[in-house]
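Each chain gets a letter, A, B and so on, in the order the sequences are listed, and its residues count up from 1.
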There are 2 protein chains.
Amino acid sequence: MTVSEKSFDTASKTSKSKSNTHQALEILRNMILSNELASGSNHLEKELASLLGMSRTPVREATLILEAQGLVEVKPRHGVRILSLSSKDMAEIYEILTELESLSAELAANKDLPDDEFLIAEKAIRDMDQALKNEDREAWAEADEIFHSELVRLGGNKRIADVIDKYNDQVRRVRYLTLNLRPTPTQSNEDHRNVLTAIREGKATTARKLHTAHRIQAKTMLLALLDKYGFHNI
Amino acid sequence: MTVSEKSFDTASKTSKSKSNTHQALEILRNMILSNELASGSNHLEKELASLLGMSRTPVREATLILEAQGLVEVKPRHGVRILSLSSKDMAEIYEILTELESLSAELAANKDLPDDEFLIAEKAIRDMDQALKNEDREAWAEADEIFHSELVRLGGNKRIADVIDKYNDQVRRVRYLTLNLRPTPTQSNEDHRNVLTAIREGKATTARKLHTAHRIQAKTMLLALLDKYGFHNI
DNA sequence: TTATAAAATTACGTATACATTAAAAAATTA
DNA sequence: TAATTTTTTAATGTATACGTAATTTTATAA
């Protein structure tokens, strides 16, 4: 590794230099999630290759992986299409997230976990409180995501985490867009606290029901917002 | 297209000629599900390329997609490893299948579906009865799979179907292996009938609970079999 | 022999060449 | 003009070449 490569590598992210394919995957994924590559837009392989400064081969491989992950659709001669989501798509995804997170809450409650397993979730709750006080919605959203992913981690099923990560990727854009349109998430903080308490107390059914209610509420709110602001494909 | 190519194409499957990448994907997937490519085995790109009669490029693309689908792991310089499953993996997967199929049963029950929507599921139930009489377990398994996928279809959430298809692919091998080791699935047929009745009558909670119980029973039985016969990685 | 170092091998990652064929543009005809 | 055909363009799918680096083999030293 040359010095310049090394410094670039350090500057970027991890210390191990990944293949161009995996770099392309990571960069494109980030550009999609941040809407730098707008949903609904099409991009030819050549365009992406020159954007990323590499040949078509690794770009092509990255787009095939992104397609398998549900973020794009590869349409020969029309380029790679960044997938957009309808309200129906959102509803489908939220149905899955609700179900698998709620199951995770139940599983976690049945485990009699030691106190130190809850540290991150508790911090996330505190951060959400603080973020509400500061009226900092980005900080709130970040802590909210940490709380939800902790819930899944505590459930202990890695594949549930995989599925949820995949669908969270697909809706992150939408969630971000509505972050400042939605009402203050005061109730959410209360909900989270109650779910975590139920888990700590081993009340599996309660934990599950509380979390399901929490998620259904979030879904209803989001779909109403999309409708209200006329976002039909996002 | 030459005459020989055309006849090969006709003989093979669909009439539209797919790309080599997608052919490779389909063939490799089938070879994995049927255990022709044994779980745990490793295969170099070159080997697969000559097996499939194409260059490394489309084979490589296919393996990257298979990796994203969770069937293989690409390990540079060690080849593509066909993933095997531990009991823990099986338990994780069954947890997801149980949850999402049960949710589908609930959703279907809430839909007040017309009678003709149940034709395929009903036929599957009859076929399972017949297969039991004939002591034909392969026929039973086929009808069983149709019933389960119908349940998900009736629920109406396409993404649930995607997730379930993905994990069914991963456990199909195991299910097939234990097909003739398990007790006669008499109770299963009864369970299916009850779930379908509950759905038709709009009893969502009942449908859900019945199906969950059915699935948990199947999971317990399968894990016990794996343990009894010493299948720790399959 | 066992451990280490040097050399050889080879699988992979990537760029590139090129045939194919869909799409677009131009030309022709009605 | 509108419809059809022909020509051109260019995006893709695939094979191949080749540098790189991991692995294996061989050689050397302890």
Side-chain angles (χ1 to χ4, degrees), chain A residues 1-9 12-29 37 40-68 71-83, chain B residues 1-9 12-29 37 40-68 71-83:
Chain A
M1 184 186 281
T2 69
V3 173
S4 65
E5 278 166 342
K6 183 160 186 174
S7 69
F8 174 82
D9 185 67
S12 64
K13 188 148 291 194
T14 63
S15 60
K16 56 193 160 194
S17 110
K18 308 259 241 140
S19 69
N20 282 7
T21 297
H22 287 276
Q23 280 185 252
L25 184 62
E26 191 180 314
I27 296 172
L28 292 177
R29 179 176 166 278
L37 289 176
S41 64
N42 292 86
H43 306 274
L44 297 176
E45 289 178 4
K46 196 172 60 169
E47 173 200 339
L48 295 178
S50 76
L51 174 72
L52 300 177
M54 51 185 79
S55 78
R56 277 174 51 223
T57 305
V59 170
R60 213 178 129 79
E61 293 180 348
T63 61
L64 289 172
I65 295 170
L66 287 169
E67 184 175 47
L71 288 176
V72 309
E73 184 183 3
V74 174
K75 306 190 75 175
R77 311 206 176 248
H78 294 276
V80 179
R81 175 178 202 75
I82 314 300
L83 290 179
Chain B
M1 183 184 281
T2 68
V3 173
S4 64
E5 278 166 342
K6 183 162 185 173
S7 69
F8 174 83
D9 184 66
S12 64
K13 188 148 289 193
T14 61
S15 58
K16 55 192 160 193
S17 111
K18 306 257 243 141
S19 70
N20 282 7
T21 297
H22 286 277
Q23 280 184 253
L25 183 62
E26 191 180 314
I27 296 173
L28 292 176
R29 180 177 166 278
L37 289 176
S41 64
N42 292 87
H43 306 274
L44 298 175
E45 289 178 4
K46 196 173 61 170
E47 174 200 337
L48 296 176
S50 76
L51 173 72
L52 300 177
M54 53 185 76
S55 78
R56 278 172 51 221
T57 305
V59 169
R60 214 178 128 77
E61 292 181 349
T63 61
L64 289 172
I65 295 170
L66 287 169
E67 184 175 45
L71 288 176
V72 309
E73 183 183 3
V74 174
K75 306 190 74 174
R77 320 225 162 228
H78 295 275
V80 179
R81 166 173 270 272
I82 314 299
L83 290 178

Nearest-angstrom distance from the residue atom [atom1] of [X] to [atom2] of [N]:
| X | N | atom1 | atom2 | result |
| --- | --- | --- | --- | --- |
| A/R56 | C/dG13 | CZ | C1' | 16 Å |
| B/K46 | D/dT16 | NZ | P | 14 Å |
| B/K18 | C/dT21 | NZ | P | 17 Å |
| B/R60 | D/dT16 | CZ | P | 17 Å |
| B/E61 | C/dT14 | CD | C1' | 13 Å |

Is any side-chain nitrogen or oxygen of [X] closer than 4.0 Å to OP1 or OP2 of [N]?
| X | N | result |
| --- | --- | --- |
| A/T57 | C/dG13 | no |
| B/N20 | D/dG13 | no |
| B/S55 | D/dA15 | yes |
| A/S19 | C/dC12 | no |
| B/H78 | C/dC12 | no |

* Hey, is the main chain of A/P58 close enough, under 3.5 Å, to the side chain of A/N20 for a donor-acceptor pair? ->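 Side chain of A/N20 to backbone of A/P58, a donor-acceptor pair under 3.5 Å: no, none is there.
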* Earlier contact from the 5' end, DNA chain C, for B/E45 and A/P76 ->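 Here B/E45 is the residue nearer the 5' end.
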* Asked: Is the base of C/dG13 touched by the side chain of B/R77 through a donor-acceptor pair closer than 3.5 angstrom?
  ->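 A donor-acceptor contact between them is absent.
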* Report the base-pairing partner of C/dT9 (Watson-Crick or G-U wobble, both distances below 3.5 angstrom), or none. =>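 C/dT9 is paired, partner D/dA22.
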